[in-house]
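Note that this is a predicted model, so its numbers are computed, not measured. Both counts, for ligands and for their atoms, begin at 1 and track the order of listing.
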Amino acid sequence: MDKLVVEGGKTLSGSLRISGSKNACLPILAASLLSEGSSCIRNVPELKDVSTMASIFSSLGRKVDLSGDVFTVGEGELTNMMASYELVSTMRASVVVLGPILAKYGEAKVSFPGGCVIGARPIDLHLKGLRALGADIKIEGGYIVAKAKKLKGTKIYLGGHFGSSVLATANTLMTAVLADGETVIEDAACEPEVEDLCGFLMAMGADIKGAGTPTVRVRGVKELRGADYSVIPDRIEAGTYMIAAMITGGKLFLENARVEHNLALIDKLKEAGGTVDEKENGVEVYRKGAIHAVDITTLTYPGFSTDLQAQMMSLSTICDGISVITEKIFPDRFIHISELNRMGAEIILEGSTAIIKGVKKLSGAPVMASDLRASAALVLAGLVADGRTEISRIYHLDRGYEHLEDKLSAVGAKVWRVKE
Ligand code: UD1
């Protein structure tokens with residue numbers, strides 16, 4: 001397993017380009033299965049999760065071509081309606097092939113995705129949405145087996161214990177687009193990635209109103225065509241590099257980053273003492289002076305994203321006071337705390353709330369990445385720590401950050417990969 005080594009203490013400055021959004025492109029790729037026509041999806045990041053999706057397509061009998069940032073889905077029908085455990089278990093998001101395969105072919109068998117280190121991650125809302133549309137669903141041998149003779153539009157309340165669900169909304173939407181009549185999804189996820197999925201579905205010929213709002217109306221159509229579509233920039237990658245500029249006291253221009261997708265984070269960065277300027281084709285972030293303590297509660301969009309919680313905690317470790325971070329989406333998403341404390345941070349956890357007492361300095365240490373965003377948080381901490389931080393298990397990072405060490409090196413960081 002590869003390691004990442006970060007030599008701390010460099011101030012970052014310069015410009016880096018934000019890649020296409022991982023969380024937007026995965027459901028969009030899955031949606032292309034709704035048509036036998038060819039689709040061309042652009043601005044797709046070069047990531048492990050994308051190549052896993054390509055492997056799923058191949059296992060379903062659909063030809064794909066991945067060259068640069070263009071993912072082309074060839075013409076043709078699926079020859080297999082089953083997404084295997086071997087593939088789905090490596091990437092939870094692959095459960096989004098369930099809705100499109102069911103909607104187009106009337107049956108689908110997809111491995112149950114299971115939990116992960118950030119928590120239990122149930123799929124009851126996915127199944128609720130599909131069942132409401134008329135699917136018969138059984139769990140057999142670790143697989144979700146869904147069948148539907150006819151899918152019929154209906155009114156669905158999709159809110160769960162922790163609010164709306166991004167991928168359950170995606171699965172339900174992708175099933176509703178080919179159902180008979182009108183579907184109304186209440187408490188739909190409003191994340192930009194869901195709005196982007198609706199953009200792609202509409203380009204395929206779907207009839208959708210209210211994309212990006214809690215009430216989405218879908219009028220089913222008989223068939224969809226392939227489409228040519230460009231994915232939105234990755235707001236989580238952009239947010240991570242905004243925090244990189246803040247934590248190192250540097251100045252970064254993030255090409256393609258969109259202020260409107262990161263308002264909750266930007267609000268907190270300003271409160272913490274940063275300056276965030278919207279420019280013509282991106283965002284510039286810098287900090288002069290100390291980092292102030294800020295309190296954060298993660299929420300569904302447009303609230304503060306859980307996917308930026310760990311990175312924000314790294315920033316808080318060296319603030320000039322006490323910060324309080326409460327996790328309302330994944331209450332157990334705190335494995336990074338013990339690793340940050342290994343680097344000299346002072347963080348205690350009370351239930352789903354972390355209390356972070358700012359320290360003057362972090363010191364580099366060997367640490368272990370536990371999940372994608374926690375790994376990014378450790379890189380950020382390493383950038384500002386004294387000495388060397390060695391981060392193991394960085395395959396998590398390769399799932400979600402395109403060319404991370406190249407991008408950071410280009411703006412002055414000393415970071416490199418050690419192959420093992
Ligand atoms: C997506 C993102 C992930 C992000 C998360 C929350 C992708 C590929 N991943 O994951 O990066 O952290 O949104 O913004 O887009 N829940 C249920 N039942 C369900 C589904 C979810 O109770 O059937 C709960 C979850 O346990 C969690 C909350 O709802 O507490 C939100 O999860 P959800 O929005 O579904 O996350 P994902 O869509 O899996």
Using heavy atoms and a threshold below 4.0 Å, how should the contact between [X] and ligand 1 be classified: side chain, backbone, both, or neither?
X: Phe330; answer: side chain
X: Ile236; answer: neither
X: Asp307; answer: side chain
X: Ala93; answer: side chain

Checklist line | Distance-minimising heavy-atom pair for Ala377 and Ser314 | finding: O-OG, 2.8 Å

Any N or O of [X] closer than 3.5 Å to N or O of ligand 1:
X: Asn23; value: yes
X: Lys22; value: no
X: Pro122; value: yes

Which of the atoms in ligand 1, numbered in the order shown and given with their element, are less than 4.0 Å from a heavy-atom of [X]?
X: Phe162; value: 28 (C), 30 (O)
X: His126; value: 23 (O)
X: Arg333; value: 12 (O)
X: Thr306; value: 6 (C), 12 (O), 14 (O)
X: Ile123; value: 19 (C), 23 (O)

[X] with [Y]: basic N within carboxylate O range, under 4.0 Å:
X: Arg373; Y: Asp371; result: no
X: Asp49; Y: Arg399; result: yes
X: Asp307; Y: Lys22; result: no
X: Lys152; Y: Asp180; result: no
X: Glu36; Y: Lys104; result: yes

Between [X] (side chain) and [Y] (backbone), is there a donor-acceptor pair under 3.5 Å?
X: Tyr229; Y: Leu197; answer: no
X: Ser35; Y: Ser32; answer: no
X: Ser111; Y: Val88; answer: no

Margin query: Tell me whether ligand 1 is touched by His161 - counting only heavy atoms on the residue side and a distance under 4.0 Å.
Written below: no

Note to self: Between ligand 1 and Gly160, can you find any atom pair, the residue atom being a heavy atom, that is separated by under 4.0 Å?
What the structure shows: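 No; Gly160 lies far enough from ligand 1 that no heavy-atom distance drops under 4.0 Å.
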
Notebook entry, point to check: Does the side chain to side chain contact (heavy atoms under 4.5 Å, CB included) test come out yes or no for Tyr401 and His396, once each step is laid out?
Noted result: CA-CA 9 Å; Tyr401 287 90; His396 294 292; over 6 Å; no

Notebook entry, point to check: Out of Pro113, Ser21, Ser165, who gets a non-hydrogen atom closest to atom 21 (C) of ligand 1?
Noted result: Ser165

Item checked: Over 12 foreign heavy atoms within 6.0 Å of CZ, Arg417 ->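 Yes, CZ of Arg417 has more than 12 neighbouring heavy atoms, counting only those of other groups under 6.0 Å.
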
Check: Among all protein non-hydrogen atoms, which one is nearest to atom 30 (O) of ligand 1, and what is the separation to 0.1 Å?
Finding: Ile329 O, 2.5 Å

Margin query: Considering non-hydrogen atoms of the protein only, which is the closest contact for atom 34 (O) of ligand 1, and what is the distance?
Written below: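 That would be Val166 N, 2.8 Å.
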
